[in-house]
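All remarks here apply to the structure that follows.
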Amino acid sequence: MAEWLNNAVFYEIYPQSFQDSNGDGIGDFKGIQSRLDYIKELGCNAIWMNPCFDSPFMDAGYDVADYYQAAPRYGTNEDLKELVDAIHDRGMKILLDLVPGHTSVKHPWFLESMKAEKNEFTDRYVWTDNVWLPPKGLNYLSGISDRDGNAIVNFFSGQPALNYGFFKPEESWQQSMDDEGPRKTLEAMMDVMRFWLDLGVDGFRVDMAGSLVKNDPDQEGTIALWQKVRAFLDAEYPEAVLISEWGEPDKSLKGGFHMDFLLHFGPSHYNDLFRCDHPYFSSEGKGVIKDFIDKYNENYNKTNGKGLICIPSGNHDMDRLARRLNPEEQKIAFDFLLTMPGAPFIYYGDEIGLRYVEGLTSKEGGFNRTGSRSPMQWNHEKNDGFSNADAKDLYIKMDDASDRPVASDQIEDENSIYHEVKRLIAFRQEHPALLANGSIEFLTDGYPLAYVRKAADGSEALLVLINADAKAHEFTLPEGFWKQVYLNGKAPEENGNEVTVAGQSAVVYQLEQA
């Protein structure tokens, strides 16, 4: 594993909404470059940038039209190279967002595959062989070209599925993973990875990593596919990092990914924490975290205690933390996020409490997600420092509430979310028990939440106590000599090993050797 991942704290940049440098209302590479010192000062040492390749932007860049070309609205390949170099100059790393499962319908590969005459790209995508027979259980495009058959799509109709084969082919048109078409597709995607790794990026966060091989119920085929990718990277780019959007670390780590990205859908119960009617981290004290812990432990145990599960504050697909949690509650949520195993991911603006903008019309396939993709709010200048464009020309309408948070105010306020996040990141980096590969043992599954983190080399043990409830709760410290090393909120009352944890507080104890 690339050693730098062990203490990585990622900052996710949605490029179109972060910083506009040329006044067109859309963020760009040069804008991102101008804000790198802000990210470094916060304490983040790695960046995940959402798709930045050429695209018709039907799905905000997750519909790629050219894997080898930066989207012109962000800049040129040379601008991207300059950004990568500037990130490295600051001792930071960058992962690009790789979308291997599908392209845009406007990708030249797909346009060639639509032709009736057989060619190099005929089998680059998944096509049925009869337009009149709809495929069972799959989304598809029909009647779009002279080619007989239907093109399978992964979800949106503008995103045809690339062909990596079927683990268990059941129809005449379903190719096996070993057929030439699927093999050529994988080779083409590895060529894409070579191109950007040669440019200098440090690896990829992989979109929908578990979806590539079809009819693969236990994902054996998909795991085998990624093992081939890992072997290629180990041979040619041994330091290249892969982080998966999969949600099943026992599968993704076996496939060769360094870490898995926790999904907000499916069985993870991640939304129970921050995004439901009664979030666990709400001060009302009605939330449930037990189901999350049970599922987390299940995955943790399947990975032999590696625990390399990345838990994000949010991302471009989720409601903002601030939609359900007030600023004090968000601080407590970050106390949790930044003391868990795996690499933390902070979605741009969450560190200042950026809000979900209600009532927006869908933009570039955002639909209900659009409110979480509004421009970063930097200061009190025009458009909060995001862009010099007219407000009507901004990529997405900004939050116009009079009390909206801006970074400059948060930096000035020592009691802000920003400073709690900054303090937590620094604390995390100082303690080996909190690094990505440290172990975790949950001691409670209610209020307060208690867990022990231990360094991989056994050099340190920390007890994290988090009380998200407004009411105080009692807890008995485990045997040992514990001292406080971190506090957010009112200090707990202590009577020997019996402590009363104040409402809306977090405290970390360190085990002292006798």
Side-chain angles (χ1 to χ4, degrees), residues 4-12 38-48 92 262 270 273-274 279-281 283 289 307 309-315 320-322 325-354 405 407 410-438 440 448-455 460-468 483-492 501-510:
W4 65 266
L5 262 185
N6 199 33
N7 70 344
V9 178
F10 281 89
Y11 193 86
E12 178 190 351
Y38 167 87
I39 298 170
K40 183 176 176 64
E41 179 65 22
L42 180 64
C44 294
N45 53 15
I47 288 170
W48 161 34
M92 301 162 68
L262 192 68
Y270 167 84
L273 308 183
F274 317 112
Y280 176 80
F281 284 99
S283 58
I289 198 169
I309 306 167
C310 302
I311 306 179
S313 68
N315 68 25
R320 287 277 184 184
L321 281 177
L325 303 179
N326 66 37
E328 292 305 310
E329 293 166 341
Q330 290 171 63
K331 289 183 191 177
I332 298 295
F334 273 112
D335 291 330
F336 166 77
L337 289 163
L338 289 166
T339 55
M340 287 290 286
F345 279 70
I346 299 172
Y347 185 42
Y348 82 95
D350 279 355
E351 78 281 2
I352 65 168
L354 207 65
Q410 292 266 315
I411 291 170
E412 290 298 316
D413 179 5
E414 289 293 328
N415 295 315
S416 66
I417 301 170
Y418 171 90
H419 279 287
E420 180 64 11
V421 171
K422 182 177 179 179
R423 192 164 66 105
L424 278 162
I425 294 174
F427 178 71
R428 181 182 179 95
Q429 302 292 24
E430 292 168 359
H431 290 274
L434 295 180
L435 299 184
N437 65 352
I440 186 169
L449 176 64
Y451 47 92
V452 173
R453 296 290 316 278
K454 292 182 179 179
E460 182 185 46
L462 298 177
L463 169 69
V464 181
L465 270 178
I466 298 175
N467 184 19
K483 69 173 183 177
Q484 288 185 34
V485 290
Y486 191 90
L487 178 67
N488 173 26
K490 184 180 177 182
V501 189
Q504 285 283 277
S505 71
V507 59
V508 180
Y509 291 88
Q510 186 177 51

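Since this is a predicted model, take the numbers as computed values, not measurements.
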Item to complete: For the pair Phe427 and His431, name the ring-plane relationship: parallel under 30°, tilted 30 to 60°, perpendicular over 60°.
Response: tilted
Worksheet item: Are any non-hydrogen side-chain atoms of Gln510 and Gln484 less than 4.5 angstrom apart?
Response: no
Fill in: Ring-face cation of Arg428 near Phe334 (centre distance under 6.0 Å, axis angle within 45°)
no
Worksheet item: Nearest 0.5 Å, what's the NZ-CG distance between Lys422 and Leu338?
Response: 14.5 Å
Practice prompt. Could you tell me which residues satisfy side chain to side chain donor-acceptor pair (under 3.5 Å) with Tyr280, sequence neighbours excluded, listed by chain and number?
Written response: none
Worksheet item: If every non-hydrogen atom of Gln330 is compared with every non-hydrogen atom of Asp350, which pair is closest and at what distance?
Response: OE1-O, 4.4 Å
Worksheet entry | Pair Arg453 + Glu460: basic N to acidic O under 4.0 Å | no
Discussion item. On a heavy-atom basis, which atom in Ala8 and which in Ala343 lie closest, and how many Å separate them?
Written reply: O-CB, 3.7 Å
Worksheet entry | Least distance between heavy atoms, Gly353 atom then Ala322 atom | O-CB, 3.7 Å
Fill in: Evaluation steps, side-chain contact (heavy atoms from CB on, under 4.5 Å), between Tyr347 and Trp48
CA-CA 9 Å; Tyr347 185 42; Trp48 161 34; over 6 Å; no
Practice prompt. Apply side-chain contact (heavy atoms from CB on, under 4.5 Å) to Val508 and Leu463, showing your working.
Written response: CA-CA 6 Å; Val508 180; Leu463 169 69; over 6 Å; no
Discussion item. To check you understand the geometry: which heavy-atom pair defines the closest contact between Leu325 and Ala333, and what is its length?
Written reply: CD1-CB, 4.2 Å
Worksheet item: Is there a side-chain contact between Phe345 and Ser313, using heavy atoms and a 4.5 Å cut-off?
Response: no
Worksheet, complete the sentence: dist Glu414:CD -> Glu420:CD (nearest 0.5 Å) comes out at 11.5 Å
Discussion item. How long is the straight-line distance from CD1 of Ile289 back to CG of Leu449, given to the nearest 0.5 Å?
Written reply: 4.5 Å
Discussion item. Is it the case that the side chain of Glu329 and the backbone of Asn326 share a donor-acceptor pair, with hydrogens and angles ignored and the cut-off at 3.5 Å?
Written reply: yes
Worksheet item: Does the side-chain contact (heavy atoms from CB on, under 4.5 Å) test come out yes or no for Tyr509 and Leu462, once each step is laid out?
Response: CA-CA 6 Å; Tyr509 291 88; Leu462 298 177; over 6 Å; no
Discussion item. Measuring only between side-chain heavy atoms, which start at C-beta, is Asn45 closer than 4.5 Å to Lys40?
Written reply: no
Worksheet item: So how far is it from Ile417 CD1 to Leu424 CG, rounded to the nearest 0.5 Å?
Response: 12.0 Å
Fill in: Residues that Tyr451 engages under ring pair (Phe, Tyr, Trp, His ring centres under 6.0 Å), provided they are two or more places apart
Phe442
Item to complete: Compare every heavy atom of Leu487 with every heavy atom of Pro492, then report the nearest pair and how far apart it is.
Response: CD-CD1, 4.1 Å
Worksheet item: Can you tell me how far the CG atom of Leu435 sits from the CG atom of Asn6, to the nearest 0.5 Å?
Response: 5.0 Å
Worksheet entry | Flag side-chain contact, heavy atom, 4.5 Å: Tyr38 against Ile411 | yes
Worksheet item: Mind checking whether Tyr486 and Val464 have side chains closer than 4.5 Å, heavy atoms only?
Response: no
Practice prompt. Check the pair His419, Asp413 against side-chain contact (heavy atoms from CB on, under 4.5 Å), reporting the backbone distance first and the verdict last.
Written response: CA-CA 8 Å; His419 279 287; Asp413 179 5; 5.6 Å; no
Worksheet item: Quick one: are Glu12 and Ile346 in side-chain contact, heavy atoms under 4.5 Å?
Response: no
Worksheet item: Can you check whether Gln410's main-chain N or O pairs, donor with acceptor, with Ser416's side chain at less than 3.5 Å?
Response: yes
Discussion item. Nearest 0.5 Å, please: how far is CG in Asn437 from CG in Asn7?
Written reply: 10.0 Å
Worksheet item: Are the side chain of Asn467 and the backbone N or O of Ala502 linked by a donor-acceptor pair below 3.5 Å?
Response: yes
Worksheet item: Can you find a heavy atom in the side chain of Leu337 that is under 4.5 Å from one in the side chain of Pro344?
Response: no
Practice prompt. Kindly indicate whether the side chain of Asn488, heavy atoms from C-beta on, has any atom under 4.5 Å from the side chain of Lys331.
Written response: yes
Discussion item. Assess, by modelled atom type and distance only, whether the side chains of Tyr11 and Glu351 contain a donor and an acceptor separated by less than 3.5 Å.
Written reply: yes
Fill in: Closest approach of Leu5 to Ala436 (non-hydrogen atoms, all atoms of both residues)
O-CB, 3.8 Å
